[in-house]
Number of protein chains: 2
Amino acid sequence: MENGIANLLGALSLAVMDRIEQGAREVVGRGGETPAALIVIGYGQGMTNDKLRRILGLSHSGTVRLVDRLVSDRLVERRAGKDGREVALHLTASGAASRNELLASRISAVTSLLDVLSSAERKQLATLIRELLARQDTSEMDRFTICRMCDDRVCANCPLPTNKGQHAR
Amino acid sequence: MENGIANLLGALSLAVMDRIEQGAREVVGRGGETPAALIVIGYGQGMTNDKLRRILGLSHSGTVRLVDRLVSDRLVERRAGKDGREVALHLTASGAASRNELLASRISAVTSLLDVLSSAERKQLATLIRELLARQDTSEMDRFTICRMCDDRVCANCPLPTNKGQHAR
DNA sequence: ATAAATATGTGCGTAGCGCACATATATAGT
DNA sequence: ACTATATATGTGCGCTACGCACATATTTAT
């Protein structure tokens, strides 16, 4: 009976991701890690192929082909990175627009599940989830991975720590 | 700032599903809806191809091929259904064993995220999630879909309603 | 100046899935 | 009873998303 909570959270998470992924596919016409890639690339300027690979948890070639698809969809451009071997990934105007749609669709999908709760209940839930995340043992890369779909316009101070293994002692 | 809760739940759900899917792939060596199919087939005796299709949200042919893979992995058998055109899907002994591993792996994956909370916090969280699920407007088929990975040994009384659209009036 | 590390791109194969079509059985209408 | 329709499954074909192994270019270390 003590595992009931794990089962409930598992079921809720599945329902949440089903809705997020369905919306994402409708927005960008693609599945897998492609929507997440668009969001991650838009996070800052000059994302490289290799950093993207580690954040998405894909193989190198898988990432190159994923970027190929984004480029052929005119959502992303490959520019020269300062390092000469690096490729700097930049969103096109259309890519930035799709990214915004994607983020809005995701928030809307989750909100539609949440709005059966009262405002007080939502606040309670937010506090619990924030604590849950804040106490995880995550590295900086883990955080990027978990937050690869996050809306940076909404999530001001991410609760996830970024110092796993830093006091290696 | 009011969307913060939606973003948090989205991030948590992604983290939960990442871990569940990774564990499932390690157990059955397959991804996509294949692990869920194994769980659903084990739910009761004589699941049909068509019911499975609707629960998993796949196309008809996709479902047939999915079952082909389960059969070739010796996890599932196709037996004659009473209806003559139906196929009755049954787990083999090895399929039932894999299913149990799958369920255990899922509970363990979620628990590893949850155990940073105190017992009281987990109880609070369980209450909130149970309420959230109980107030959704779900049909019986929606419920099967959301619960397609659920552990029936753990989830005694599912909070999800099953009466969407029954008072059509 | 050479070796090793880093970053990207490519040939090839596979898993997972959908569309359109074909087939078999059951049910309904006359 | 006989045809028409609905239901359930299987198949040919193609595509998307991905990984492995290999090749290439640039940077850093010795």
Side-chain angles (χ1 to χ4, degrees), chain A residues 17-18 21-22 24-41 46-73 75-90 141 145 148-149, chain B residues 17-18 21-22 24-41 46-73 75-90 141 145 148-149:
Chain A
M17 290 312 298
D18 278 354
E21 284 166 12
Q22 180 188 344
R25 181 174 289 277
E26 282 166 13
V27 170
V28 298
R30 300 201 178 265
E33 293 298 328
T34 307
L38 200 60
I39 295 177
V40 170
I41 293 170
M47 170 65 60
T48 71
N49 227 327
D50 192 61
K51 268 179 77 177
L52 184 62
R53 175 190 82 75
R54 274 175 287 190
I55 293 171
L56 300 181
L58 296 180
S59 72
H60 163 60
S61 62
T63 307
V64 173
R65 300 286 152 71
L66 193 164
V67 173
D68 285 348
R69 292 192 294 272
L70 290 174
V71 168
S72 80
D73 290 347
L75 301 176
V76 165
E77 284 177 3
R78 285 192 241 239
R79 299 187 193 164
K82 43 191 165 186
D83 194 314
R85 39 196 176 167
E86 285 180 358
V87 169
L89 302 174
H90 289 266
M141 195 55 65
T145 297
R148 67 190 189 272
M149 302 277 291
Chain B
M17 290 311 299
D18 278 354
E21 284 166 11
Q22 180 187 344
R25 180 174 289 276
E26 283 166 12
V27 170
V28 298
R30 300 203 178 264
E33 294 297 328
T34 307
L38 200 59
I39 294 177
V40 170
I41 293 170
M47 169 65 58
T48 71
N49 228 327
D50 193 60
K51 269 179 76 178
L52 184 62
R53 175 190 83 75
R54 274 176 285 190
I55 292 172
L56 299 181
L58 295 180
S59 71
H60 163 60
S61 62
T63 306
V64 173
R65 300 285 152 72
L66 193 163
V67 173
D68 285 346
R69 292 192 293 271
L70 289 174
V71 169
S72 79
D73 290 347
L75 300 176
V76 165
E77 284 177 4
R78 284 191 242 240
R79 300 186 192 164
K82 46 192 164 188
D83 194 314
R85 31 190 184 171
E86 285 180 359
V87 169
L89 302 173
H90 289 267
M141 195 54 66
T145 297
R148 69 191 188 274
M149 303 277 290

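Computed from a predicted structure; not experimentally measured. In what follows, chains carry the letters A, B, and so on, assigned in the order in which the sequence lines appear, proteins first and then strands, with residues in each chain numbered from 1.
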Task: Shortest non-hydrogen contact from Gly46(B) toward Ala88(B) - done: CA-CB, 4.0 Å

Open item on the list: Taking the minimum atom-to-atom distance to the side chain of Ser61(A), which one of dT10(C), dG9(C), dA7(C) wins?
Closed with: dT10(C)

Task: Base dG18(C) to side chain Arg53(B), donor-acceptor N/O within 3.5 Å cut-off - done: no

Open item on the list: Just verifying a value: how many Å separate Met149(A) CE and Met17(A) CE, rounded to the nearest 0.5 Å?
Closed with: 5.5 Å

- [ ] To the nearest 0.5 Å, tell me how far Thr34(A) OG1 sits from Ile39(A) CD1.
- [x] 11.5 Å

Open item on the list: Side chain of Thr34(A) only, heavy atoms from C-beta on: which candidate in dC18(D), dT8(C), dA8(D) is closest?
Closed with: dC18(D)

TODO: On DNA chain D, check which nucleotide each of Arg54(B) and Val64(B) is closest to and give me the residue with the more 5' one.
DONE: Arg54(B)

Open item on the list: Base of dC17(C), side chain of Ser59(B) - is there a donor-acceptor contact under 3.5 Å?
Closed with: no

TODO: Can you tell me the distance, in whole Å, between the CG atom of Asp50(B) and the P atom of dA26(C)?
DONE: 16 Å

Open item on the list: Expressed as a whole number of angstroms, how long is the span from Met47(A):CE to dT8(C):P?
Closed with: 11 Å

Open item on the list: Any side-chain N or O of Arg65(B) below 4.0 angstrom from OP1/OP2 of dG18(C)?
Closed with: no

Open item on the list: Would you compute the distance between atom OG1 of Thr63(B) and atom NZ of Lys51(B) and round it to the nearest 0.5 angstrom?
Closed with: 14.0 Å

Open item on the list: Using 0.5 Å steps for rounding, measure from the CE atom of Met47(A) to the CD atom of Glu86(A).
Closed with: 11.0 Å

TODO: Round to a whole Å and report the spacing from CG of Leu56(A) to P of dG19(D).
DONE: 10 Å

Task: Distance in angstrom units between Lys51(A) NZ and dT8(C) C1', rounded - done: 16 Å

- [ ] With heavy atoms under 4.0 Å as the rule, sort Thr48(A) into base, sugar-phosphate or nothing.
- [x] sugar-phosphate

Open item on the list: For dG16(C) and Arg69(B) - does any side-chain N or O of the residue sit under 4.0 Å from the phosphate oxygens OP1/OP2?
Closed with: yes

Task: side-chain N/O Arg78(A) vs dG9(C) OP1/OP2, d < 4.0 Å - done: yes

TODO: Round to the nearest Å and state the distance from Leu70(B) atom CG to dC17(C) atom P.
DONE: 11 Å

- [ ] For Arg148(B) and Asp18(A), run side-chain contact (heavy atoms from CB on, under 4.5 Å): C-alpha distance rounded to whole Å, both residues' side-chain angles, the deciding distance at 0.1 Å, then the answer.
- [x] CA-CA 12 Å; Arg148(B) 69 191 188 274; Asp18(A) 278 354; 2.8 Å; yes

Task: Interatomic distance, Asp68(B) CG vs dG10(D) C1' [rounded to whole Å] - done: 8 Å

Task: Gap between atom CZ of Arg78(A) and atom CG of Leu70(A) - 0.5 Å precision - done: 9.0 Å

TODO: Quickly work out the Glu86(B) CD to dA6(D) P distance and round it to whole Å.
DONE: 18 Å

Open item on the list: For a quick check, with a 4.0 angstrom heavy-atom cut-off, what is the B/S/- contact string for nucleotides 23-30 of chain D, read 5' to 3'?
Closed with: ---BS---

Open item on the list: When you compare the side chain of Leu66(A) with that of Leu56(A), does any pair of heavy atoms fall below 4.5 Å?
Closed with: yes

Open item on the list: I need the Asp83(B) CG to Asp50(B) CG distance, nearest 0.5 Å.
Closed with: 11.0 Å

Task: Interface with DNA chain C, restricted to residues 25-33 of chain B and to heavy atoms under 4.0 Å - done: Arg30(B), Gly31(B), Gly32(B), Glu33(B)

- [ ] May I ask you to test the Ile55(B)-Met141(B) pair for a side-chain heavy-atom distance under 4.5 Å?
- [x] yes

Task: Minimum-distance nucleotide (side-chain atoms of Leu66(A) versus dC18(D), dT10(C), dT9(D)) - done: dC18(D)

Open item on the list: In this structure, how many angstroms lie between the P atom of dA15(C) and the CD atom of Glu21(B), rounded?
Closed with: 18 Å

